[in-house]
Asker: 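Sending over a structure as structure tokens; questions will come in a sec.
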Amino acid sequence: MAQCVQSVQELIPDSFVPCVAALCSDEAERLTRLNHLSFAELLKPFSRLTSEVHMRDPNNQLHIIKNLKIAVSNIVTQPPQPGAIGKLLNDVVSGSQPAEGLVANVITKLFNHVLQCMLVASSAEAEPMEQFSKLSQEQHRIQHNSDYSYPKWFIPNTLKYYVLLHDVTSGDEQRAESIYEEMKQKYGTQGCYLLKINSRAPNRASDEQIPDPWSQYLQKNSIQNQESYEDGPCTMTSSKNSDSNLLSLDGLDNEVKDGLPDNCRVHPLQIDQCGDTPHNTDGSDHAKSASSVHETKKASTGLIRGACLTLTDHDRIRQFIQEFTFRGLLPHVEKTIRQLNDQLISRKGLSRSLFSATKKWFSGSKVPEKSISELKSTSGLLYPPEAPELQIRKMADLCFLVQHYDLAYSCYHTAKKDFLNDQAMLYAAGALEMAAVSAFLQPGAPRPYPAHYMDTAIQTYRDICKNMVLAERCVLLSAEILKSQSKYAEAAALLIRLTSEDSDLRSALLLEQAAHCFINMKNPMVRKYAFHMILAGHRFSKAGQKKHALRCYCQAMQVYKGKGWSLAEDHINFTIGRQSYTLRQLDNAVSAFRHILINESKQSAAQQGAFLREYLYVYKNVNQLSPDGPLPQLPLPYINSSATRVFFGHDRRPADGEKQAATHVSLDQEYDAESSQQWRELEEHVVAVANKGVIPSSFYPTQYCLNSYSDNSRFPLAVVEEPITVEVAFRNPLKVPLLLSDLSLLWKFQPKDTSGKDTEKERVTGEPEMIGTEVISEFLINSEESKVARLKLFPHHIGELHILGVVYNLGTIQGSVTVDGIGALPGCHTGKHSLGMSVRGRQDLEIQGPRLNNTKEEKTSVKYGPDRRLDPIVTEEMPLLEVFFIHFPTGLLCGEIRKAYVEFVNVSQCPLTALKVVSKRPEFFTFGGNTAALTPLSPSTSENCSAYKTVVTASPSLGTAFVSTASSVDFGTGTGQQLEAIPVPLPDSVLLPGASVQLPMWLRGPDEEGVHEINFLFYYESVKKQPKKRHRILRHTAVICTSRSLNVRATVCRSNSLEDEEGRGGNMLVFVDVENTNTSEAGVKEFHMVQVSSSSKHWQLHRSVNISENRDAKLASREKGKFCFKAVRCKQKEGDKQSSEKYTFADIIFGNEQIISSASPCADFFYRSLSSELRRTQDQLPAYPEKNASEGAVRLIEKCSEVDLSIVVLWKAYVVEDNKQLILEGQHHVVVRTVGKEACSHSQKQEPPEMELLKFFRPENTTVSARPSVEQLSNLIKTSLHYPESFHHPFHQKSLCLVPVTLLLSNCSKAEVDVIVDLRHKTTSPEALETHGSFTWLGQTQYKLQLKSQETHSLQLKACFVHTGVYNLGTPRVFAKLSDQVTVFETSQQNSMPALIIINNA
């Protein structure tokens, strides 16, 4: 709180002190001027007595006076002008430090009347006694001549005190002593004094350091004076180091004219004639007053006061004040009090006691000098100086000055009644005021403080007398007294009541004091404090007191800050910014405006625009003061540092006609965790393949785009001459657009040589020979918009790069609040206003890494790891591959084959090698096998040109297969479970700098309809091995939409036919069902089956069974066709070791062109689909090792049912598109694994099972022995009966009909099999009896045989019939078991088809 250091009991006596005038000769003034002080200033630090003094009151009682202080001042004859008090108050406030606070103090009406006059002459004068006489006459003339209305004298007979000044260093001491003796004889020992000063020569002033007691009185208050005009207060400030609050403004360089010095002519409160007008009481021309204060301070800065005085001289001055007070002043005051008391008593003829006086004692004989009508004024009656009412007031004032508060209260109380009776309201108000103060200061507090006296006095001054100055004095006194009694609420109300519109400075002071009252209450009213500090700051600002206005707003800001009152905060910060700028506190101004902009403002767009313009204007002035200093941090726009993305490499080229660049990685792609993991797995796989199956320990997945989701713990690698793109996310929180110009990245770079050593000193932004920097000339962010800027760097040297932030010019758009259309943009930022309101600054990119949560210490504390995405290491040059796809389709039929071209371009200065491609869907594409014929590199093929390798054939026998063989190794694929990295067949395996190669690529539509995303990862290396970056990758994602075409199903069953068999083993029938599932959405009219091929290591298609005469097999929409083929075992050449690894291809064509299925691309897709099928089945089947012989036997039996025959159906589809017919080609694959089990070209979607109740059970540990199924056992031995279909027998000649039947037994396994044939079986079911007649077998009823591996054996049987009919011969029961196994595997081998014979009568 802006409080006085003294208590109010000390403050009031120090404010009301006896006034002594000083009238000096010119020689005496010259002696004091040697110390740069006037005589009055010389005495000022020593004007307080250090000991108690005594005097007797009119009742002859001893009265003790403590800490008495006197005020000595030069005589000033010019009365102050009416507006001088306002200027003085303004100067006092301007010269006060904010920390000291401001307390306006006052003196009463009569307290500035002179009690005594010092006449000062020098011992060096020719006639000192004569000089004293002249000074005495001058004083008498000033006091008693009507031409001089100022100063005011307390009584007509003013006591004179004669002081002889003696210069010790230059004066004659004997002469001074003789003159002093003469003075004592003439004026008495009580009325004169010899004061010796200047014991030190002026030229020795700097040799010794002497304390300067004048600085605390004169430096800060050199423009102020304790004098005031008659009814006006004397304003002063409290100082922590001061024991005197009196201010002086004495003329130091005035000359004497006409016997009267100029300092006696001009009053210190007089306003300069060329300056303010008399009614400018608030000092609105504060700049001039402030400059005068500055000049005064500047002039007095280099002065050394008291330079000729020693500590002995200080003691002499202090002793002089003591002697003057003891022997001159107090005896005179005591005598005057007695005289006034006696005059009052004698004038009324009453007793000597004043304490029992009544109104009638003092009423009656007033002797006015002028008529009452002339003395009437707005304040009531004006008394002549000799009026008895004024005599008792004078006596009260004298008692108050000497701290006799009891007697003073009685006198004030009595005078108050007289004044009220005479309606002299001005006098009455003064008496009420001083009576209240006297009552408060009475020792022992015999009566409470009469606050109502003060309230009446304030109201009288303000409302009746219209004297606001006296009302202010009264309010300040009362407020200090109330605060000392902890009545802060009453004091605040009193201070606020006196605020008005006529004086901003007075209202500001009162409001500030009221605010401090609120904060000092027992329960502090913080918000009221802050609110009234804001009001005080506003009034200070209107009064021109910018420093105090700023202080008030800053103190209020401490209360409002962080409380959610955003509008109040904005107002306070805006005002603080403006006031700080006015006071040239530019850093504070910038900080305040910055707070307005960075908070989420609720202001209107126009207000925000005003704030922004003020901020830019202030910032520009700050930059002009230090143009070469570091760039300042700008608060706008917001930057989301964690959303910063860094991309390494060139931008993707746009599509050029049929030429489409690889998608690779770009900043336009959003992060997908699942996709990122797939790319990582592909890269790990291809790196393992390139390094012979082992991933190097130094391997780290390639990251072209770094964001908040990527692993940024390592320093990323950038390549020389390849751009680095940084995407910065800006957000404009304001409702006005922001224009950023000359936007670029800020960086520092440490160059290194190839060995990693520093080669040069660190470089910074602005050196393009190391790092090229892209500059965006204009970047507009609309109101409340989030927008990203992509800034590029071009490294030209290897080393360590650190991206620090962004640098730009922040500006506004001229005459625009919002930009809502294209028309508002062009040219709107080129106006003078926009260019003039832009400042250059920077913002740093500081990215916090992920929180660590691995160790126990990290889990229990908050620690963050590094994020190094902005600190790339620039490595040596690497090859750079670009891939373009030509005629690449976006839509295919399921299984459709399409030929496209891929162009590989090396756009770097380094050759590349070891180009490979890997994909999760290798069955989708192929570059062709090693056996494929060379294809023309130009993609100038017509629509009807086939993608297959075809041969025109002569017509062979109907439906006979063409057989060829091929190995999977020739097509770059195996039948393993791992993904294969497919080498790209580059010429010489190297792509030179700037070279390009076009290669054909065949595509096959996936078997499932829908949209497919197929990822290609291209891997390549540099011919020159790099230590940090061994390989590079290029990504491409192809999006293919497939529609339904054909659904192919195939089944294999064993043939019972014996004809055309060659060697051991049997034939099989292959049934192929083809269904057209296309619904014509792709414009497909019909499908033509052009060829069916088979591929297997063991089986091949031999011929077509049911081919029709019309060899063109067509399927319209939703039609289904059925094909039946005969399959035989492949012929294996003896001695061919690789025959087991080769596949036999058999083509059955339905036209005159054979598609060579063992060549590219047909074989490529077959092998890739076979690989995918193997991976799927291997993933689904758990791998159980064979544990014992019984399980091995089961495996042998299972192999009897295995076929492993792949069917390839090749087709053509006719499509009408844009009135143009196109021919599409394709192929479907069906892999038949087991006899009798249907296989499909693509897996059917399984319906999700319905929700079932969860069952809990305990698994039993009983092991069940592996046992083959009945179906598998039935395929162990193939049986067939050979007999005539019909037989004629003359039953009328011979009753028994004997028919020879041959039973053919064939071992389908590769182990020895024991076979038992039992002919005793008879059909017992009634249905069979109705359908077929009963017969019997003749001869041996049971046969036991042993068949070797794949051996065929025949039994000759005889069947006996007794009458005609249709009979089923399939009644023999065949039991089989492996020779080395027990009978647990024995089961019956039943024929799947009945063997019917017709017996006719001949």
Asker: Using side chain to side chain contact (heavy atoms under 4.5 Å, CB included) as the criterion, list what pairs up with Asn1015, not counting sequence neighbours.
Answerer: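 Once residues adjacent in sequence are excluded, the partners of Asn1015 under the side chain to side chain contact (heavy atoms under 4.5 Å, CB included) criterion are Gln678, Trp679, Leu682, Thr1037.
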Asker: Is the distance from the ring center of Tyr1019 to that of His1031 below 6.0 Å?
Answerer: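 Yes; His1031 has its ring centre under 6.0 Å from that of Tyr1019.
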Asker: Nearest 0.5 Å please: distance from the NZ atom of Lys899 over to the OG1 atom of Thr926.
Answerer: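 One gets 12.0 Å once the value is rounded to the nearest 0.5 Å.
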Asker: Before accepting this row, confirm whether a basic side-chain N of the pair Arg1032/Glu1021 lies closer than 4.0 Å to the acidic partner's carboxylate O.
Answerer: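 Salt bridge between Arg1032 and Glu1021, a charged N being under 4.0 Å from a carboxylate O: no.
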Asker: Between His650 (side chain) and Glu722 (backbone), is there a donor-acceptor pair under 3.5 Å?
Answerer: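 No, His650 side chain to Glu722 backbone: no donor-acceptor pair under 3.5 Å.
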Asker: Can you confirm if the aromatic rings of Tyr1214 and His1088 lie within a centre distance of less than 6.0 Å?
Answerer: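 Yes - the distance between ring centres of His1088 and Tyr1214 falls below the 6.0 Å cut-off.
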Asker: Can you give me the closest heavy-atom contact between Ile1014 and Pro1006, atom names plus distance?
Answerer: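 Minimum heavy-atom contact is CD1-CG, 4.5 Å.
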Asker: If you compare all heavy atoms of Phe699 against all heavy atoms of Val687, which two are closest, and at what distance to 0.1 Å?
Answerer: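 Shortest heavy-atom contact: CE1-CG2, 3.7 Å.
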Asker: For Gln677, does the CD atom sit with more than 12 other heavy atoms under 6.0 Å from it, leaving out its own atoms?
Answerer: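 Atom CD in Gln677 is crowded, with more than 12 foreign heavy atoms closer than 6.0 Å.
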Asker: For Arg868, is the CZ atom crowded, meaning more than 12 foreign heavy atoms sit under 6.0 Å from it?
Answerer: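 Atom CZ in Arg868 is crowded, with more than 12 foreign heavy atoms closer than 6.0 Å.
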Asker: Donor-acceptor pair, distance only, cut-off 3.5 Å: does the side chain of Ser919 make one with the backbone of Phe1016?
Answerer: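 Absent.
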Asker: Would you give the length of the straight line joining atom CG of Leu667 to atom CZ of Arg645, rounded to the nearest 0.5 angstrom?
Answerer: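 One gets 5.0 Å once the value is rounded to the nearest 0.5 Å.
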Asker: Are Phe1165 and Phe924, when compared by the centres of their aromatic rings, separated by less than 6.0 Å?
Answerer: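 For Phe1165 and Phe924, the ring centres are not under 6.0 Å apart.
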Asker: Are Lys1024 and Glu876 close enough for a salt bridge, meaning some N to O gap below 4.0 Å?
Answerer: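 Answer for the salt bridge query: yes.
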Asker: Drop me the distance from Asp711's CG to Ser713's OG, to the nearest 0.5 angstrom.
Answerer: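 Here the interatomic distance stands at 3.5 Å.
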Asker: Answer yes or no: is there a donor N or O on one side and an acceptor on the other, between the side chain of Arg1004 and the main chain of Phe925, under 3.5 Å?
Answerer: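 Such a contact is absent between Arg1004 side chain and Phe925 backbone.
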Asker: Under 3.5 Å, side chain of Ser1241 to main-chain N/O of Asp1007, donor-acceptor pair present?
Answerer: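 Looks like no, no N/O pair under 3.5 Å.
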Asker: Can you measure from OG (Ser1043) to CG (Leu892) and round to the nearest 0.5 angstrom?
Answerer: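 These two atoms lie 8.5 Å from each other.
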Asker: With rounding to the nearest 0.5 angstrom, report the CG to OG1 distance, Leu845 to Thr644.
Answerer: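 So the CG of Leu845 and the OG1 of Thr644 are separated by 5.0 Å.
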Asker: Looking at Asp651 and Lys792, does any basic side-chain N land under 4.0 Å from a carboxylate oxygen?
Answerer: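 Between Lys792 and Asp651 there is a salt bridge, with a charged N closer than 4.0 Å to a carboxylate O.
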Asker: Taking the six-membered ring of Phe884, is NZ or CZ of Lys659 closer than 6.0 Å to its centre and within 45° of its axis?
Answerer: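 So Lys659 does make the cation-pi contact.
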Asker: Please check if the side chain of Gln669 supplies one atom and the backbone of His664 the other of a donor-acceptor pair under 3.5 Å.
Answerer: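 Checking the backbone N and O of His664 against the side chain of Gln669, a donor-acceptor pair under 3.5 Å is found.
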Asker: Taking the six-membered ring of Phe779 as reference, does the NZ or CZ atom of Lys787 fall below 6.0 Å from its centre and within a 45° cone about the axis?
Answerer: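 Yes, Lys787 sits over the ring of Phe779.
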Asker: Measuring from atom CG of Leu706 to atom CG of Leu870, what distance do you get when rounded to the nearest 0.5 angstrom?
Answerer: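 It is 9.0 Å, given to the nearest 0.5 Å.
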Asker: Give me the atom names and distance for the closest heavy-atom approach of Met878 to Ser1022.
Answerer: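 Looking at all heavy atoms of both residues, the shortest contact is SD-CB, 4.3 Å.
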Asker: Would a distance-only check, ignoring hydrogens and angles, find a side-chain to backbone donor-acceptor pair under 3.5 Å from Thr1077 to Ser1045?
Answerer: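 Between the backbone of Ser1045 and the side chain of Thr1077 there is a qualifying donor-acceptor contact (under 3.5 Å).
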Asker: Does a sphere of radius 6.0 Å around OH in Tyr709 hold more than 12 heavy atoms from other residues, nucleotides or ligands, not counting ones at 6.0 Å or beyond?
Answerer: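 For Tyr709, atom OH is not crowded (no more than 12 foreign heavy atoms under 6.0 Å).
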Asker: Is there a donor-acceptor pair under 3.5 Å between the side chain of Ser675 and the backbone N or O of Asp672?
Answerer: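 Absent.
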Asker: Answer yes or no: is there a donor N or O on one side and an acceptor on the other, between the side chain of Asn906 and the main chain of Ala995, under 3.5 Å?
Answerer: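 The answer is no, because no donor-acceptor pair under 3.5 Å joins these two groups.
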Asker: Indicate the atoms forming the closest heavy-atom contact of Arg1035 with Thr702, along with that distance.
Answerer: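 Heavy atoms only, the tightest pair is NH2-O, 3.8 Å.
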Asker: Looking at residues at least two apart in the chain, or sitting in another chain, which of them share a side chain to side chain contact (heavy atoms under 4.5 Å, CB included) with Val788?
Answerer: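 Per chain and number, Val788 pairs via side chain to side chain contact (heavy atoms under 4.5 Å, CB included) with Glu727, Ala729.
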Asker: Is the closest side-chain donor-acceptor distance between His796 and Glu721 under 3.5 Å?
Answerer: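 There is such a pair (donor and acceptor under 3.5 Å, judged by atom type) between the side chains of His796 and Glu721.
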Asker: Name all pairs fulfilling the salt bridge (Lys or Arg N to Asp or Glu O under 4.0 Å) condition that reach into residues 981-997, sequence neighbours left out, sorted by first residue then second.
Answerer: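 Qualifying pairs: none.
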